[in-house]
J.: 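This is the structure, below, for whatever I ask next.
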Amino acid sequence: MRFSRSLIPTLKEEPVDAQVVSHRLMLRAGMIRSLGAGIYTWLPLGLRVLRKVEKIVRQEMDRAGAQEVLMPAVQPGELWQESGRWEQYGKELLRFVDRHERQFCFGPTHEEVIADLVRREIRSYRQLPANFYQIQTKFRDEIRPRFGIMRGREFLMKDAYSFDLDVTGLDVSYQTMYAAYQRIFQRCGLAFRAVEADTGSIGGASSHEFHVLAESGEDVIVSCDQCDYAANLEKAVAGEGATHDTEPLLSLQRSATPGQKSIEAVTRFLNITAQRLVKSILVEAAGQPLLLLLRGDRELNLIKAAAALGVPQVTLPDPERAARLANVAMGYLGPMNSHLPILADWELRTARNFACGANEEGWHLQHVNWERDVPTPTFVDLRNVEAGEPCPRCAGGHLLRHQGIEVGHVFKLGDKYSQAMGVRVLNDQGVEQTLIMGCYGIGVSRIVAATIEQHHDQKGILWPPALAPFHVEVLLLNPRDNAEGAAADALYQQLLAAGIEVLLDDRDERVGVKFKDADLLGCPWRVLVGGRSFKEGVVEIQSRDGTRLERVAIADAMEHIAGLVR
RNA sequence: CGGGGUGUAGCGCAGCCUGGUAGCGCAUCGGCUUUGGGAGCCGAGGGCCGGAGGUUCGAAUCCUCUCGCCCCGACCA
């Protein structure tokens with residue numbers, strides 16, 4: 001491609017609205033332009049990268065035995081009513097009506113459509129197992145789109161759906177996809193981690209997420225420094241920590257704590273550690289208020305709470321509402337003599353002589369003990385794990401926390417959709433049997449952004465070779481010099497003929513501009529044709545990461561570059 | 001959806017308080033010079049000041065309403 005004939009609108013200035021590196025660099029490198037909140041046009045350079053990701057994904061899905069299809073982006077509302085998700089999905093589902101007033105939505109995912117296809121077309125167990133995938137534009141009307149391509153509303157996704165006769169078959173399909181995902185992210189040149197994940201609203205038995213490790217990641221993932229345990233923070237659990245259950249029971253004490261409402265204030269005022277103080281958090285689950293108890297220094301995990309209570313969602317009411325439901329000022333909530341149902345974090349089962357709110361404004365209690373003072377509640381895991389806690393799987397391991405960008409997700413769905421939508425085949429006994437589904441997503445466009453988050457420096461992008469828009473960029477230093485121009489052009493043609501993807505910067509610009517833009521675009525190799533080296537009959541070949549710089553005779557340049565690129 | 005901010009040339013911004021010819025930098029176009037890390041000089045084009053109402057002799061500026069975008073909190077590839 002010739003730079004002078006291409007739309008690669010690079011920006012010298014930092015885009016003010018872009019908050020993360022990938023968004024800034026994608027705008028500056030002329031890869032994308034915004035059309036509205038969370039929707040983007042992919043310009044030629046960006047599209048080349050997107051296509052490379054697609055190609056890798058497609059190859060590995062095909063290799064894993066999945067069959068490519070392309071389903072409609074626009075889906076009838078009826079299908080969603082059948083699965084029950086028309087009501088469940090909420091505002092994220094973009095809905096509209098056609099001229100006949102029939103309901104439609106723009107697909108955020110395709111379980112219904114594929115289930116409908118399979119129930120019509122697959123009749124026999126002999127056609128199983130089957131796995132269908134597509135690479136398609138999805139739309140999710142995100143509450144707050146941000147970070148450019150990382151969290152757009154419209155995005156490109158690969159979604160695959162497996163169908164098996166039983167859960168044993170599903171296990172095999174799942175493992176096959178899991179392995180394919182590892183290959184995909186490896187081939188993209190990404191540092192990533194597969195983690196155990198919460199199954200969330202889609203429901204189902206088991207689930208793993210694939211995260212690209214990057215500081216700007218919105219997700220927190222936890223892993224063990226010794227074994228291969230890794231999980232999303234929403235799901236991660238810690239091993240047993242130290243307990244203090246040998247302490248003698250002290251007698252209950254009421255302490256005045258006027259105006260002391262926060263954990264920090266109360267611990268300072270009473271001169272106790274936050275581990276000693278039990279905090280009581282009022283939440284609502286399915287419209288019912290209840291108290292959750294946690295050690296003072298821990299973070300509540302609402303997803304775990306929802307899972308423990310068996311409700312879809314647990315919410316934190318605003319302070320006024322909470323005070324009204326609890327019948328006591330915020331800051332003084334406690335389990336003793338509370339009229340509310342109580343659920344306590346697992347860690348508190350060995351707590352002794354702890355402090356907590358007295359359910360009376362201006363008072364806390366100390367040396368509280370289970371059974372004697374408060375009926376022993378149910379203990380379940382309710383909190384986020386912290387870095388440094390013991391690993392739940394191995395002896396001696398400790399947990400680390402990292403930031404990650406979720407780029408893939410594999411799910412064992414079970415029969416949730418196949419049951420609701422009647423996806424059945426005849427088994428070898430001639431009996432109808434409901435199929436077991438798995439679903440597997442990859443954020444294709446998000447991979448592009450995540451790659452940049454992981455591979456950039458002050459000057460611009462450093463593409464992993466597999467995803468680079470071009471293998472090599474040839475810089476023609478003096479386009480008005482006929483000899484240099486001819487040499488650059490000849491090299492460009494040779495490279496093209498050798499099947500090497502090359503961008504020729506033949507613009508009538510000063511060298512400084514070309515260097516800056518080449519840094520920004522981030523092709524792995526850069527070749528300088530012209531200037532002082534040209535007079536010596538050589539071209540300079542530089543790696544974008546600055547680790548290699550070679551001078552090669554012009555006549556040998558093509559062969560040499562081909563060797564580097566392969 | 002709640003809270004905060006912001007819409008003026010392709011991009012980044014000033015002007016608004018205190019109403020009176022719409023400006024600056026970059027980019028674009030033409031010319032000359034320059035040419036190994038975002039050039040210099042000369043000249044030129046480009047604006048329904050987000051939109052609609054209102055106040056006023058007169059509105060980018062004041063008032064009301066609206067729409068877009070961005071940022072902070074609950075979801076997801």
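A note on names: the letters A, B, ... follow the listed sequences, proteins ahead of strands, and every chain is numbered from 1.
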J.: Select one nucleotide: of B:C71, B:G25, B:A77, the one nearest the side-chain heavy atoms of A:Met157.
T.: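 My answer, after comparing the listed nucleotides, is B:A77.
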J.: For the residue pair A:Arg48 and A:Phe470, would you count it as a cation-pi contact if the rule is NZ or CZ under 6.0 angstrom from the ring centre and within 45 degrees of the ring axis?
T.: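 Yes, a cation-pi geometry holds between A:Arg48 and A:Phe470.
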J.: What contact category does A:Thr315 fall into here, base, sugar-phosphate, or nothing, at under 4.0 angstrom with non-hydrogen atoms?
T.: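 Touches nothing.
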J.: Remember a base hit wins even if backbone is also touched, and classify A:Arg507 as base, sugar-phosphate or nothing at under 4.0 Å, heavy atoms.
T.: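 Here A:Arg507 touches no strand at all.
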J.: Using the six-membered ring of A:Trp86, assess whether NZ or CZ of A:Arg95 lies under 6.0 Å from its centre and within 45 degrees of the ring axis.
T.: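 Yes, A:Arg95 sits over the ring of A:Trp86.
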J.: Give one of base, sugar-phosphate or nothing for A:Gly90, where a contact means two heavy atoms less than 4.0 Å apart.
T.: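 Contact class for A:Gly90: none.
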J.: Pick one for B:U33: is it syn, with its angle within 90° of 0, or anti?
T.: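 Glycosidic conformation of B:U33: anti.
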J.: Could you check whether A:Arg153 gets within reach of a base, just the sugar-phosphate, or nothing at all, counting any heavy atom under 4.0 Å?
T.: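 Nothing, no nucleic acid heavy atom in range.
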J.: What is the separation between atom CG on A:Asp219 and atom C1' on B:C75, rounded to the nearest whole Å?
T.: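 In whole Å, B:C75 C1' and A:Asp219 CG are 11 Å from each other.
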J.: Roughly how far apart, to the nearest Å, are B:A44 and B:G53 at atom P?
T.: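 Nearest-Å result for B:A44 against B:G53 at atom P: 37 Å.
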J.: Between B:G73 atom P and A:Arg144 atom CZ, what is the distance in whole Å?
T.: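 Going from CZ in A:Arg144 over to P in B:G73 covers 6 Å.
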J.: Between atom CG in A:Leu475 and atom P in B:G38, what is the gap in whole Å?
T.: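 The distance from CG of A:Leu475 to P of B:G38 comes to 14 Å, rounded to the nearest Å.
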J.: Using a heavy-atom cut-off of 4.0 Å across all strands, would you classify A:Glu484 as base, sugar-phosphate, or nothing?
T.: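 Contact class for A:Glu484: none.
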J.: Using a 5.5 Å cut-off between ring centres and planes within 30 degrees, is A:Phe515 stacked on the base of B:G36?
T.: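 No; by the centre-distance and plane-angle rule, A:Phe515 does not count as stacking on B:G36.
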J.: Atom CD of A:Glu509 and atom C1' of B:U34: how far apart are they, to the nearest Å?
T.: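 So the CD-C1' distance, A:Glu509 to B:U34, works out to 14 Å.
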J.: Among B:G38, B:G36, B:G25, which nucleotide has an atom closest to any side-chain atom of A:Glu13?
T.: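 Of the options given, the side chain of A:Glu13 lies nearest B:G25.
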J.: Find the distance A:Arg532:CZ to B:G36:P and express it as a whole number of Å.
T.: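 In whole Å, B:G36 P and A:Arg532 CZ are 8 Å from each other.
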J.: In whole angstrom, give me the gap between the P atoms of B:A39 and B:C26.
T.: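 Per the computed distance, 11 Å lies between those P atoms.
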J.: Remember a base hit wins even if backbone is also touched, and classify A:Gly408 as base, sugar-phosphate or nothing at under 4.0 Å, heavy atoms.
T.: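 Answer is sugar-phosphate: A:Gly408 comes under 4.0 Å of backbone atoms only.
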J.: Do NZ/NE/NH1/NH2 and the carboxylate oxygens of A:Lys416 and A:Glu111 come within less than 4.0 Å?
T.: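 A:Glu111 and A:Lys416: not salt-bridged.
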J.: Mind checking the C1' distance from B:G50 to B:U8? Whole angstroms is fine.
T.: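 Taking atom C1' in both B:G50 and B:U8, they lie 10 Å apart.
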J.: Between A:Asn232 (CG) and B:C75 (C1'), how many Å, whole number?
T.: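 It is 13 Å, rounded to the nearest whole Å.
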J.: Can you check the A:Glu234 CD to B:A74 P distance for me, whole Å?
T.: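 Going from CD in A:Glu234 over to P in B:A74 covers 11 Å.
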J.: On a whole-Å scale, what distance lies between the C1' atoms belonging to B:A60 and B:G51?
T.: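 Those two atoms are separated by 14 Å.
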J.: Could you check which of B:G12, B:A74, B:G37 has an atom nearest any side-chain atom of A:Val16?
T.: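 Nearest listed nucleotide: B:G12.
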J.: NA contact type, A:Val513, heavy-atom cut-off 4.0 Å: base, sugar-phosphate, or nothing?
T.: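 If one applies the 4.0 Å heavy-atom cut-off, A:Val513 turns out to touch a base.
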J.: A:Arg510 has a side chain; which of B:G37, B:A77, B:A39 sits nearest to it?
T.: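 The closest nucleotide is B:A39.
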J.: Provide the Watson-Crick or G-U wobble partner of B:C65, both distances under 3.5 Å; none if there is no partner.
T.: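 Its partner is B:G51.
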J.: Take atom CD of A:Glu154 and atom C1' of B:A77, then tell me their distance rounded to the nearest Å.
T.: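 Atom-to-atom, A:Glu154 to B:A77, this comes out as 14 Å.
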J.: I'd like to know if the side chain of A:Asn301 and the backbone of A:Ile303 have a donor-acceptor N/O pair within less than 3.5 Å.
T.: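 Flag set: sc A:Asn301 to bb A:Ile303 pair under 3.5 Å.
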J.: Tell me which nucleotide, if any, is Watson-Crick or G-U wobble paired with B:G43 when both distances must be under 3.5 Å.
T.: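 Checking every strand shown, B:G43 finds its partner in B:C29, with both distances under 3.5 Å.
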J.: Salt bridge or not for A:Asp457 and A:Lys459, using N-O below 4.0 Å?
T.: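 Salt bridge: no.
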J.: Using a heavy-atom cut-off of under 4.0 Å over every strand shown, decide if A:Asp159 touches base, sugar-phosphate, or nothing.
T.: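 Answer is nothing: A:Asp159 stays at 4.0 Å or more from every strand.
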J.: For A:Leu528, answer base if it contacts any base atom (sugar-phosphate contacts may also be present), sugar-phosphate if it contacts only those atoms, and nothing otherwise; contact means non-hydrogen atoms under 4.0 Å.
T.: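 Result for A:Leu528 = base.
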J.: Give me the distance, rounded to whole Å, that separates B:U28 from B:G12 when you measure between the C1' atoms they each carry.
T.: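 B:U28 and B:G12 have their C1' atoms separated by 16 Å.
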J.: Looking across every strand, which nucleic acid part, if any, lies under 4.0 Å from A:Gly152 by heavy atom: base, sugar-phosphate, or nothing?
T.: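 Contact class for A:Gly152: base.
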J.: Which nucleotide, in any strand shown, forms a Watson-Crick or G-U wobble pair with B:C1, with both distances under 3.5 Å?
T.: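 Looking at the geometry, B:C1 pairs with B:G73.
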J.: Should the pair A:Phe411 and A:His409 be assigned to parallel (<30°), tilted (30 to 60°) or perpendicular (>60°) ring geometry?
T.: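 Tilted, since the angle between the ring planes falls between 30° and 60°.
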J.: Using the C1' atom in both, what is the distance from B:G45 to B:G36, to the nearest Å?
T.: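 It comes out at 34 Å once rounded to the nearest Å.
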J.: Expressed as a whole number of Å, how far does the P atom of B:U6 sit from that of B:G15?
T.: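 Pairwise P distance, B:U6 against B:G15, rounds to 12 Å.
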J.: Categorize A:Glu142 for me: base, sugar-phosphate, or nothing, with a 4.0 angstrom heavy-atom threshold over every strand shown.
T.: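 Result for A:Glu142 = base.
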J.: Please state whether the rings of A:Phe185 and A:Phe210 are parallel, tilted or perpendicular, taking 30° and 60° as the class boundaries.
T.: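 Because their plane-to-plane angle lies in the 30° to 60° range, the rings of A:Phe185 and A:Phe210 count as tilted.
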